[in-house]
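Residue numbering restarts at 1 for every chain, and letters A, B, ... go by the order of the sequence lines.
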2 protein chains.
Amino acid sequence: MPLPPPYDPYVRDCPSRRLLDRIGDRWTVLLIAALEGGPQRFSQLLRTVEGISQKMLTQTLRSLEADGLVHRTVHPEIPPRVEYELTALGRSLLAPLGALIDWATEHMGEVQSSRDAVDAR
Amino acid sequence: MPLPPPYDPYVRDCPSRRLLDRIGDRWTVLLIAALEGGPQRFSQLLRTVEGISQKMLTQTLRSLEADGLVHRTVHPEIPPRVEYELTALGRSLLAPLGALIDWATEHMGEVQSSRDAVDAR
DNA sequence: CGGCATCCGTGATGATACTG
DNA sequence: CAGTATCATCACGGATGCCG
């Protein structure tokens, strides 16, 4: 008697569900994109990622670090310097994320039009 | 004097940011995945998408409808029958979403391991 | 410079009950 | 069957102040 496949995409606890729990917040994806070009310092990221607060930057970076997507390097200098860069795992996420970004760039206009038409009523 | 490109991925209001605002919630992606196979009735979706409440199902479907990603068909019968299916636009989102789901299926184990190692401390 | 601690408002989500 | 309405909760994220 066949059991349902363990990771049907629409089931609560599948990997894709968990991934979206992680990257679905306000800043994670923006941060990954900002790190695409190479290592960045904390203060650089604070300026680059428009609108993020210090608190959320710290929190999001810690979370990405815990997930193994970002590596944190502390340079024991004065003043302190801390650099963040994507790990190999983090970089491997850039491709599928890019596919999504491309879709958004191409189609969000249609989505917006549809939404505007509804709002007009 | 060159202005910054209007849609740098890490900027607050780029299309990809807005897309993630939409699909980043708890249910949207699961619902799109559940609709991949074809039209589904409300009560079917309620059973298929494990753990979703009636309220969130309604709300998420309405939102997807407003975005032009899902079409809603009411069959004037008794008892009432309502079917939901992906629009062409909605189906076009399946590919990039699939890429993300594939990444998750392949790599969420590593992410989980990394996270477990951190939690252990 | 690169954080952490605290307080707090708001929106997203869930549970429950009712309806055409 | 396919919703709507109401209430309760809780995590997300912003603001502010302090520290090594």
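Between the two ends of the helix from C:dC1-D:dG20 to C:dG20-D:dC1, each summarised by a five-pair axis, the helix axis turns through 50° (rounded to 10 degrees).
The separation between A:M56 atom CE and D:dG13 atom C1' is 5 Å, rounded to whole Å. Distance, A:I52 CD1 to D:dC12 C1': 13 Å, rounded to whole Å. Residue A:E83 contributes atom CD, which lies 13 Å from atom C1' of C:dG2 at whole-angstrom precision. Between A:L61 atom CG and C:dC4 atom P the separation is 10 Å, expressed in whole Å. Rounded to whole angstrom, the span from the CZ atom of A:R62 across to the C1' atom of C:dC4 amounts to 9 Å. Here D:dG13 presents its P atom at 13 Å from CG of A:L57, a figure rounded to the nearest Å. Whole-Å rounding puts the B:D21 CG to C:dA12 P distance at 10 Å. To the nearest angstrom, P of D:dA5 lies 13 Å from CD of B:Q59.
B:L86 contributes atom CG, which lies 8.0 Å from atom CD of B:E36 (distance to the nearest 0.5 angstrom). Interatomic distance, CD1 of A:I52 versus CG of A:L57, reported as 4.5 Å (0.5 Å rounding). Separation of atoms CD (B:E85) and CZ (B:R91) is listed at 7.0 Å; rounding is to 0.5 Å.
Using a 4.5 Å heavy-atom cutoff, the side chains of B:L64 and B:L31 are in contact. In this structure the side chain of A:L61 reaches within 4.5 angstrom of the side chain of A:F42, judged on heavy atoms. Side chains of B:T73 and B:V82 form no contact here, defined as non-hydrogen atoms less than 4.5 Å apart. B:T87 has its side chain out of reach of B:V70: every pair of non-hydrogen atoms, C-beta onward, lies at least 4.5 Å apart. Taking the side chain as every heavy atom from C-beta outward, B:T60 and B:V49 never approach each other to under 4.5 Å. In this structure, the side chains of B:L35 and B:L45 come closer than 4.5 Å at one or more pairs of heavy atoms. Contact check for A:L100 versus B:L93: side-chain heavy atoms found under the 4.5 Å cut-off.
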Summarise how protein sits on nucleotides 15-20 of chain D as a single string, 5' to 3': B when a protein heavy atom is under 4.0 Å from the base, S for sugar-phosphate-only contact, - for no contact. B----B
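Residue B:Y84 places none of its side-chain N or O atoms closer than 4.0 Å to OP1 or OP2 of D:dC1.
Using a 4.0 Å cutoff on non-hydrogen atoms, the parts of residues 70-79 of chain A near DNA chain C are A:R72, A:P79, ordered by number. Taken residue by residue, residues 40-49 of chain A places heavy atoms nearer than 4.0 Å to DNA chain C at A:R41, A:F42, A:S43.
Closest non-hydrogen pair, B:S92 versus A:W103, comes out as OG-NE1, 3.0 Å.
Checked against C:dG2, D:dG13, D:dG3, the side chain of B:V82 finds its nearest nucleotide in D:dG3.
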Extract all donor-acceptor atom pairs below 3.5 Å that involve side chains of residues 108-116 of chain B and protein atoms in other chains or at least two apart in sequence.
from   : atom 1 : to     : atom 2 : distance (Å)
B:E110 : OE2    : B:H107 : ND1    : 2.8
B:Q112 : NE2    : B:D116 : OD1    : 3.3
B:S113 : OG     : B:G109 : O      : 2.9
B:S114 : OG     : A:A66  : O      : 2.6
B:S114 : OG     : A:G68  : N      : 3.1
B:R115 : NE     : A:D67  : OD1    : 2.6
B:R115 : NH2    : A:S63  : OG     : 3.2
B:R115 : NH2    : A:D67  : OD1    : 2.8

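The closest donor-acceptor contact from the side chain of A:R26 to the backbone of B:D21 lies at 3.5 Å or more, if one exists at all.
Residues passing the side chain to side chain donor-acceptor pair (under 3.5 Å) test with B:E83 are B:H75, sequence neighbours excluded.
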